[in-house]
Amino acid sequence: MHAKTGHVTFFHDQTPSSKRLNASQTTVNVTGLSLNPTLTSDQDPLTNVRLPHDAAVNILLTHYPVEGFEGYFGQETHIATSSVPQGYQLFATGHLHHHQKRTVNGTPVIYPGSTERASFQEEHEKKVFVWLELDKTGIIHEEFHQTPARPMETLRHHVASEGSLTRQMQDGLEKRADTEKILRVLVSGKVTLEQLSTYKRSALLSYGQDRFFHLEFDEEGLNVLTQEPLESLPKTTPLQELDRTFRDLLERAREEEKPLVHEAWKLTSNKLQEEGVS
Ligand SMILES: [Mn+2]
(Lines give C-alpha, C1' and ligand atoms only; values in the text may rest on other atoms or scores of the structure.)
Protein backbone atom coordinates (compact mmCIF):
# COMPACT_ATOMS: atom_id res chain seq x y z
CA MET A 1 0.00 0.00 0.00
CA HIS A 2 1.31 3.41 -0.90
CA ALA A 3 -0.11 6.75 0.13
CA LYS A 4 -0.32 9.45 -2.51
CA THR A 5 -1.61 12.96 -2.04
CA GLY A 6 -5.34 12.94 -1.58
CA HIS A 7 -5.95 9.28 -2.02
CA VAL A 8 -4.55 5.87 -1.37
CA THR A 9 -3.27 3.84 -4.24
CA PHE A 10 -2.88 0.14 -3.89
CA PHE A 11 -0.04 -1.16 -5.92
CA HIS A 12 1.66 -4.40 -5.11
CA ASP A 13 -1.80 -5.40 -3.88
CA GLN A 14 -1.30 -7.56 -6.86
CA THR A 15 0.41 -10.38 -5.01
CA PRO A 16 2.01 -12.73 -7.46
CA SER A 17 0.13 -15.95 -7.93
CA SER A 18 2.11 -19.13 -7.56
CA LYS A 19 1.47 -22.71 -8.43
CA ARG A 20 3.39 -25.69 -7.20
CA LEU A 21 3.59 -28.73 -9.40
CA ASN A 22 5.26 -32.10 -9.19
CA ALA A 23 6.94 -33.44 -12.28
CA SER A 24 8.81 -36.76 -12.08
CA GLN A 25 9.45 -36.31 -8.35
CA THR A 26 10.70 -32.77 -8.89
CA THR A 27 8.82 -29.86 -7.38
CA VAL A 28 8.25 -26.99 -9.78
CA ASN A 29 7.11 -23.58 -8.68
CA VAL A 30 5.63 -21.22 -11.26
CA THR A 31 5.07 -17.65 -10.10
CA GLY A 32 3.39 -15.07 -12.28
CA LEU A 33 2.99 -11.31 -11.99
CA SER A 34 1.00 -9.55 -14.67
CA LEU A 35 1.31 -5.92 -15.71
CA ASN A 36 -0.15 -3.47 -13.23
CA PRO A 37 -1.22 -0.39 -15.22
CA THR A 38 -1.56 1.79 -12.09
CA LEU A 39 2.19 1.81 -11.43
CA THR A 40 4.07 4.96 -12.37
CA SER A 41 7.30 4.86 -14.35
CA ASP A 42 9.47 5.07 -11.23
CA GLN A 43 7.74 2.25 -9.35
CA ASP A 44 9.53 -1.05 -9.74
CA PRO A 45 6.96 -3.89 -9.92
CA LEU A 46 9.25 -6.28 -8.03
CA THR A 47 9.96 -4.01 -5.06
CA ASN A 48 8.49 -5.41 -1.82
CA VAL A 49 7.08 -8.42 -3.60
CA ARG A 50 7.67 -11.80 -2.00
CA LEU A 51 8.74 -14.20 -4.69
CA PRO A 52 8.81 -17.84 -3.59
CA HIS A 53 11.62 -19.93 -4.97
CA ASP A 54 11.80 -22.89 -2.63
CA ALA A 55 11.03 -25.62 -5.16
CA ALA A 56 13.65 -27.60 -7.08
CA VAL A 57 12.78 -25.70 -10.24
CA ASN A 58 11.52 -22.11 -9.97
CA ILE A 59 10.02 -20.16 -12.81
CA LEU A 60 9.00 -16.50 -12.77
CA LEU A 61 6.68 -14.99 -15.39
CA THR A 62 6.13 -11.25 -15.83
CA HIS A 63 4.96 -8.77 -18.41
CA TYR A 64 7.26 -5.76 -18.09
CA PRO A 65 10.30 -4.22 -19.72
CA VAL A 66 13.50 -5.20 -17.91
CA GLU A 67 16.24 -2.59 -17.68
CA GLY A 68 19.08 -3.21 -20.13
CA PHE A 69 17.02 -5.07 -22.72
CA GLU A 70 16.49 -3.80 -26.23
CA GLY A 71 13.18 -2.01 -26.56
CA TYR A 72 13.19 -0.36 -23.14
CA PHE A 73 13.81 3.36 -23.47
CA GLY A 74 12.91 4.60 -20.00
CA GLN A 75 9.83 6.61 -19.01
CA GLU A 76 7.92 3.38 -18.54
CA THR A 77 7.29 1.10 -15.58
CA HIS A 78 10.11 -1.42 -15.66
CA ILE A 79 12.02 -3.96 -13.62
CA ALA A 80 15.45 -2.68 -12.58
CA THR A 81 18.45 -4.95 -13.14
CA SER A 82 18.98 -5.06 -9.38
CA SER A 83 15.41 -6.34 -8.86
CA VAL A 84 15.83 -9.42 -11.02
CA PRO A 85 15.59 -12.16 -8.35
CA GLN A 86 18.16 -14.86 -7.76
CA GLY A 87 17.21 -18.47 -7.20
CA TYR A 88 15.16 -18.86 -10.37
CA GLN A 89 16.01 -21.30 -13.12
CA LEU A 90 14.01 -19.18 -15.52
CA PHE A 91 12.64 -15.66 -15.67
CA ALA A 92 10.37 -15.60 -18.71
CA THR A 93 8.94 -12.24 -19.57
CA GLY A 94 6.83 -10.45 -22.12
CA HIS A 95 6.03 -6.96 -23.37
CA LEU A 96 9.12 -6.38 -25.54
CA HIS A 97 8.47 -7.83 -28.98
CA HIS A 98 12.09 -8.55 -29.88
CA HIS A 99 13.39 -11.99 -28.93
CA GLN A 100 16.35 -11.70 -26.52
CA LYS A 101 18.09 -13.46 -23.67
CA ARG A 102 20.55 -12.38 -20.98
CA THR A 103 21.67 -13.68 -17.62
CA VAL A 104 21.01 -11.14 -14.86
CA ASN A 105 22.04 -11.77 -11.22
CA GLY A 106 22.64 -15.40 -12.21
CA THR A 107 19.07 -15.78 -13.52
CA PRO A 108 18.42 -16.43 -17.19
CA VAL A 109 15.99 -13.75 -18.40
CA ILE A 110 14.25 -14.58 -21.67
CA TYR A 111 11.98 -12.55 -23.88
CA PRO A 112 10.63 -15.02 -26.42
CA GLY A 113 9.27 -11.95 -28.22
CA SER A 114 6.03 -11.70 -30.12
CA THR A 115 5.06 -14.48 -32.50
CA GLU A 116 3.65 -11.92 -34.94
CA ARG A 117 4.91 -8.55 -36.16
CA ALA A 118 3.00 -5.73 -34.52
CA SER A 119 4.51 -2.77 -36.42
CA PHE A 120 6.78 -1.88 -39.33
CA GLN A 121 9.60 -1.48 -36.78
CA GLU A 122 9.57 -5.27 -36.64
CA GLU A 123 9.64 -5.86 -40.38
CA HIS A 124 13.22 -7.21 -40.34
CA GLU A 125 12.84 -9.31 -37.19
CA LYS A 126 12.56 -13.06 -37.17
CA LYS A 127 9.71 -14.21 -34.94
CA VAL A 128 10.17 -17.26 -32.75
CA PHE A 129 8.85 -19.24 -29.86
CA VAL A 130 11.27 -20.80 -27.40
CA TRP A 131 11.24 -24.46 -26.33
CA LEU A 132 13.14 -25.05 -23.08
CA GLU A 133 14.05 -27.97 -20.89
CA LEU A 134 14.89 -27.15 -17.28
CA ASP A 135 16.10 -28.99 -14.25
CA LYS A 136 17.32 -27.76 -10.90
CA THR A 137 20.65 -26.74 -12.44
CA GLY A 138 18.93 -24.42 -14.92
CA ILE A 139 18.32 -24.55 -18.66
CA ILE A 140 19.59 -27.85 -20.06
CA HIS A 141 18.22 -27.53 -23.58
CA GLU A 142 16.79 -24.70 -25.66
CA GLU A 143 15.36 -24.42 -29.15
CA PHE A 144 14.16 -21.43 -31.12
CA HIS A 145 11.39 -22.16 -33.54
CA GLN A 146 10.62 -19.55 -36.15
CA THR A 147 6.95 -18.74 -36.57
CA PRO A 148 5.33 -17.98 -39.95
CA ALA A 149 4.77 -14.34 -38.98
CA ARG A 150 3.05 -12.24 -41.61
CA PRO A 151 5.68 -10.36 -43.65
CA MET A 152 5.72 -6.57 -43.43
CA GLU A 153 7.70 -4.35 -45.76
CA THR A 154 8.37 -0.67 -46.25
CA LEU A 155 8.85 0.58 -49.78
CA ARG A 156 10.58 3.96 -49.89
CA HIS A 157 9.56 5.55 -53.15
CA HIS A 158 11.43 8.69 -54.08
CA VAL A 159 9.55 10.20 -56.99
CA ALA A 160 11.34 10.57 -60.32
CA SER A 161 10.94 13.96 -61.93
CA GLU A 162 9.60 12.56 -65.20
CA GLY A 163 6.44 10.64 -65.95
CA SER A 164 3.26 9.65 -64.17
CA LEU A 165 3.64 9.07 -60.44
CA THR A 166 0.94 6.41 -60.53
CA ARG A 167 2.84 4.50 -63.22
CA GLN A 168 6.17 4.76 -61.34
CA MET A 169 4.62 3.47 -58.13
CA GLN A 170 2.64 0.73 -59.80
CA ASP A 171 5.90 -0.64 -61.23
CA GLY A 172 7.36 -0.69 -57.72
CA LEU A 173 4.28 -2.45 -56.34
CA GLU A 174 4.31 -5.06 -59.06
CA LYS A 175 7.83 -6.19 -58.07
CA ARG A 176 6.79 -6.69 -54.45
CA ALA A 177 3.42 -8.31 -54.91
CA ASP A 178 2.64 -10.97 -52.29
CA THR A 179 -0.88 -11.69 -51.10
CA GLU A 180 0.46 -12.49 -47.60
CA LYS A 181 2.38 -9.22 -47.21
CA ILE A 182 1.55 -5.94 -45.52
CA LEU A 183 3.23 -3.23 -47.57
CA ARG A 184 3.52 0.45 -46.80
CA VAL A 185 4.80 2.96 -49.32
CA LEU A 186 6.62 6.02 -48.03
CA VAL A 187 6.41 8.54 -50.83
CA SER A 188 9.01 11.30 -50.86
CA GLY A 189 10.47 13.95 -53.15
CA LYS A 190 9.51 17.24 -54.73
CA VAL A 191 6.88 17.47 -57.42
CA THR A 192 5.14 20.20 -59.36
CA LEU A 193 1.39 20.60 -59.06
CA GLU A 194 1.12 19.29 -62.59
CA GLN A 195 3.04 16.13 -61.69
CA LEU A 196 1.03 15.70 -58.49
CA SER A 197 -2.09 15.45 -60.64
CA THR A 198 -0.65 12.19 -62.06
CA TYR A 199 -0.73 10.60 -58.57
CA LYS A 200 -3.92 8.57 -58.15
CA ARG A 201 -3.73 6.90 -54.78
CA SER A 202 -7.16 5.30 -55.07
CA ALA A 203 -6.11 3.66 -58.36
CA LEU A 204 -2.98 2.28 -56.65
CA LEU A 205 -5.00 0.99 -53.71
CA SER A 206 -7.33 -0.89 -56.00
CA TYR A 207 -4.32 -2.16 -57.98
CA GLY A 208 -2.90 -3.56 -54.72
CA GLN A 209 -6.17 -5.00 -53.47
CA ASP A 210 -5.65 -8.55 -54.75
CA ARG A 211 -1.82 -8.34 -54.82
CA PHE A 212 -1.22 -7.63 -51.11
CA PHE A 213 -2.74 -8.60 -47.79
CA HIS A 214 -2.81 -4.90 -46.99
CA LEU A 215 -1.39 -1.81 -48.70
CA GLU A 216 -1.03 1.71 -47.35
CA PHE A 217 0.52 4.98 -48.43
CA ASP A 218 2.21 7.74 -46.46
CA GLU A 219 2.92 10.96 -48.35
CA GLU A 220 4.42 12.98 -45.47
CA GLY A 221 7.72 13.23 -47.35
CA LEU A 222 6.13 14.47 -50.55
CA ASN A 223 6.48 18.19 -51.15
CA VAL A 224 4.76 20.21 -53.82
CA LEU A 225 6.98 22.85 -55.38
CA THR A 226 5.47 26.30 -54.99
CA GLN A 227 4.34 27.86 -58.22
CA GLU A 228 6.00 30.84 -59.85
CA PRO A 229 4.59 34.10 -58.49
CA LEU A 230 1.73 35.57 -60.50
CA GLU A 231 2.70 38.34 -62.90
CA SER A 232 1.18 41.65 -61.99
CA LEU A 233 -1.31 43.22 -64.38
CA PRO A 234 -0.18 46.17 -66.56
CA LYS A 235 -0.65 49.54 -64.93
CA THR A 236 -3.81 51.32 -66.06
CA THR A 237 -5.85 54.32 -64.98
CA PRO A 238 -9.54 54.26 -63.97
CA LEU A 239 -10.51 55.94 -67.25
CA GLN A 240 -8.52 53.43 -69.30
CA GLU A 241 -10.26 50.60 -67.42
CA LEU A 242 -13.62 52.25 -68.01
CA ASP A 243 -12.87 52.53 -71.71
CA ARG A 244 -11.82 48.90 -71.87
CA THR A 245 -15.03 47.79 -70.11
CA PHE A 246 -17.29 49.82 -72.41
CA ARG A 247 -15.41 48.68 -75.52
CA ASP A 248 -16.16 45.10 -74.48
CA LEU A 249 -19.81 45.94 -73.77
CA LEU A 250 -20.10 47.62 -77.11
CA GLU A 251 -18.72 44.61 -78.93
CA ARG A 252 -21.20 42.27 -77.29
CA ALA A 253 -24.19 44.61 -77.55
CA ARG A 254 -26.97 44.03 -80.11
CA GLU A 255 -27.13 46.59 -82.95
CA GLU A 256 -30.16 48.42 -81.47
CA GLU A 257 -28.44 48.66 -78.04
CA LYS A 258 -25.19 50.11 -79.34
CA PRO A 259 -26.28 53.79 -79.29
CA LEU A 260 -27.41 53.38 -75.68
CA VAL A 261 -24.09 51.82 -74.59
CA HIS A 262 -22.25 54.57 -76.42
CA GLU A 263 -24.29 57.19 -74.64
CA ALA A 264 -23.64 55.57 -71.23
CA TRP A 265 -19.90 55.36 -71.93
CA LYS A 266 -19.74 59.05 -72.87
CA LEU A 267 -21.79 60.19 -69.85
CA THR A 268 -19.78 58.10 -67.34
CA SER A 269 -16.50 59.18 -68.81
CA ASN A 270 -17.47 62.87 -68.75
CA LYS A 271 -18.78 62.61 -65.19
CA LEU A 272 -15.53 61.03 -63.95
CA GLN A 273 -13.41 63.62 -65.75
CA GLU A 274 -15.47 66.41 -64.21
CA GLU A 275 -14.57 64.92 -60.83
CA GLY A 276 -10.92 64.98 -61.72
CA VAL A 277 -10.49 61.28 -62.44
CA SER A 278 -8.09 60.60 -65.22
MN1 LIG B 1 2.66 -5.38 -23.27
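Atoms within a ligand are numbered from 1 in the order they appear, just like the ligands themselves. Reckoned from all heavy atoms, side chains included, excluding hydrogens, waters and symmetry mates.
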Sort by chain and number the protein N/O/S atoms found under 2.8 Å from the Mn ion (ligand 1).
H63 NE2, H95 ND1
Should the pair R167-D171 be classified as a salt bridge under the 4.0 Å nitrogen-to-oxygen rule?
yes
Kindly compute the distance separating OG1 (T77) from NE2 (H63), expressed to the nearest 0.5 Å.
11.5 Å
Can you tell me if E256 has over 12 outside heavy atoms packed within less than 6.0 Å of its CD?
yes
Indicate yes or no for a side-chain donor-acceptor contact from N29 to the backbone of A55 under 3.5 Å, with no hydrogens or angles considered.
no
Okay, side chain of S269, backbone of K266: is any donor-acceptor separation there less than 3.5 Å?
no
Same cluster for I59 and V66 if Ile/Leu/Val/Met/Phe/Trp/Tyr side chains link at under 4.5 Å?
no
